[in-house]
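Note that the structure is predicted; figures quoted are calculated from it, not measured.
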Amino acid sequence: MHLVLSRCTIRNWRPEDATSLVRYANNYNVWRTLRDTFPHPYSAAHADRWIQTATSTSPPTQLAIEVQNDAVGGIGLRLGQDVYRRTAELGYWLGEPFWGRGIMTEAVQAFTEYAFATFDLCRIAARVFEGNTSSQRVLDKAGFRLEGRCRKAAVKEQHVLDEFLYAIVRD
């Protein structure tokens with residue numbers, strides 16, 4: 001998988017991405033907007049494990065976001081099971097030096113098209129912690145719609161947070 005866009009490239013993870021993955025993922029401001037399964041601090045061992053996991057599926061569900069030949073973020077799907085088999089959950093992150101440039105909006109739009117074309121999906125959902133207005137704007141611009149506010153749905157750093165549920169559907 002290799003999509004060249006105007007602001008970034010979305011592509012498969014590679015073993016040589018480990019150094020840049022640690023550089024951009026080992027950041028408190030990135031971590032605080034993500035689930036706790038995303039480690040902090042982020043080590044070389046975490047990067048190696050992630051790259052091995054991300055490259056083990058075909059077609060790929062987890063891709064790197066590349067800017068200027070560096071993997072500076074990630075975007076991926078968690079495919080649903082059983083009665084949710086035509087639904088997937090979108091997740092993404094971007095290294096802090098690249099925030100505010102339109103990179104993630106472009107990546108989400110392109111990745112959403114890839115996901116609908118590649119997998120038998122009719123719905124892609126994304127969840128955003130309260131306070132993460134940048135991610136909410138990304139989803140709005142990418143065509144996702146706010147479906148609701150899930151009150152007290154998540155706990156991050158001992159704080160109980162509301163979560164916003166966004167989705168895009170294909171007819």
Side-chain angles (χ1 to χ4, degrees), residues 1-27 29-81 84-128 132 134-135 137-139 141-144 166-170:
M1 165 59 176
H2 196 90
L3 286 174
V4 178
L5 308 170
S6 65
R7 293 178 176 93
C8 66
T9 298
I10 301 172
R11 60 161 175 79
N12 293 333
W13 285 99
R14 304 176 192 140
E16 58 269 23
D17 292 329
T19 301
S20 64
L21 176 53
V22 172
R23 182 181 321 120
Y24 296 110
N26 189 28
N27 179 308
N29 290 324
V30 169
W31 172 81
R32 69 183 181 84
T33 65
L34 301 172
R35 292 182 182 178
D36 287 344
T37 55
F38 191 94
H40 184 73
Y42 202 100
S43 69
H46 292 125
D48 291 340
R49 254 192 318 277
W50 172 249
I51 292 169
Q52 185 176 23
T53 298
T55 57
S56 67
T57 60
S58 183
T61 58
Q62 305 295 327
L63 298 172
I65 298 171
E66 176 185 293
V67 176
Q68 300 170 344
N69 300 314
D70 265 347
V72 301
I75 190 164
L77 291 176
R78 180 177 294 157
L79 298 172
Q81 306 273 327
Y84 302 108
R85 64 187 165 272
R86 297 200 60 208
T87 297
E89 184 176 3
L90 174 70
Y92 52 85
W93 68 273
L94 187 65
E96 189 173 9
F98 301 92
W99 293 358
R101 298 186 191 180
I103 294 167
M104 191 51 75
T105 299
E106 183 180 67
V108 168
Q109 289 169 330
F111 186 80
T112 299
E113 290 175 24
Y114 159 78
F116 279 133
T118 305
F119 303 97
D120 185 26
L121 298 173
C122 57
R123 173 187 170 85
I124 300 173
R127 298 174 180 274
V128 180
N132 189 352
S134 296
S135 194
R137 280 193 306 275
V138 163
L139 293 168
K141 290 178 187 176
F144 283 68
Y166 284 79
I168 190 167
V169 296
R170 181 177 65 175

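- Considering CZ of Phe38 and OG1 of Thr33, their distance stands at 8.5 Å, rounded to 0.5 Å.
- When atom types are taken as modelled, the side chain of Thr118 and the backbone of Ala115 share no donor-acceptor pair closer than 3.5 angstrom.
- Across Ala64 and Asn12, no two heavy atoms sit closer than the pair CB-O, 4.4 Å.
- In this structure, the ring of Phe98 has its center less than 6.0 angstrom from the ring center of Tyr24.
- Checked by atom type and distance alone, the side chain of Trp31 never pairs as donor or acceptor with a backbone atom of Pro41 at under 3.5 Å.
- Between Arg7 and Glu106, the shortest heavy-atom contact is N-OE1, 2.7 Å.
- Taking all atoms of both residues into account, the shortest heavy-atom contact from Trp93 to Ile65 is O-CD1, 4.1 Å.
- Side chain of Asp70 to main chain of Val72: no donor-acceptor pair is present (N/O by atom type, distance under 3.5 Å, no hydrogens or angles).
- Scanning all heavy atoms of the two residues, the minimum distance from Gln52 to Thr55 falls at O-OG1, 3.3 Å.
- Minimum interatomic distance between Ala54 and Trp13 (heavy atoms only, all atoms of both residues): CB-CD1, 3.5 Å.
- More than 12 heavy atoms of other shown residues, nucleotides or ligands fall within 6.0 angstrom of atom CZ in Arg170.
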query = Can you list the steps and then say if Arg127 with Arg35 is a side-chain contact (heavy atoms from CB on, under 4.5 Å)?
reply = CA-CA 10 Å; Arg127 298 174 180 274; Arg35 292 182 182 178; 3.8 Å; yes
task = Would you please test Ile168 and Leu139 for side-chain contact (heavy atoms from CB on, under 4.5 Å) and show each step?
result = CA-CA 9 Å; Ile168 190 167; Leu139 293 168; over 6 Å; no
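- Here the CZ atom belonging to Arg78 is positioned 8.5 Å from the CD atom belonging to Gln62, to the nearest 0.5 angstrom.
- Pairs passing the salt bridge (Lys or Arg N to Asp or Glu O under 4.0 Å) check and including a residue from residues 112-121, sequence neighbours excluded, read Arg86-Asp120.
- One finds the CD1 atom of Ile103 at 11.5 Å from the CD atom of Glu66 (value rounded to the nearest 0.5 Å).
- Atom CG of residue Asn69 and atom CG of residue Asp17 lie 10.5 Å apart, to the nearest 0.5 angstrom.
- Summarising the geometry of Val22 relative to Ser43, their closest heavy-atom pair is CG2-O, 3.5 Å, with the distance given to 0.1 Å.
- Going from atom CD1 of Ile124 over to atom CZ of Phe119 covers 9.5 Å, rounded to the nearest 0.5 Å.
- Side chain to side chain, Tyr166 and Ser135 fail the donor-acceptor criterion of an N or O pair below 3.5 Å.
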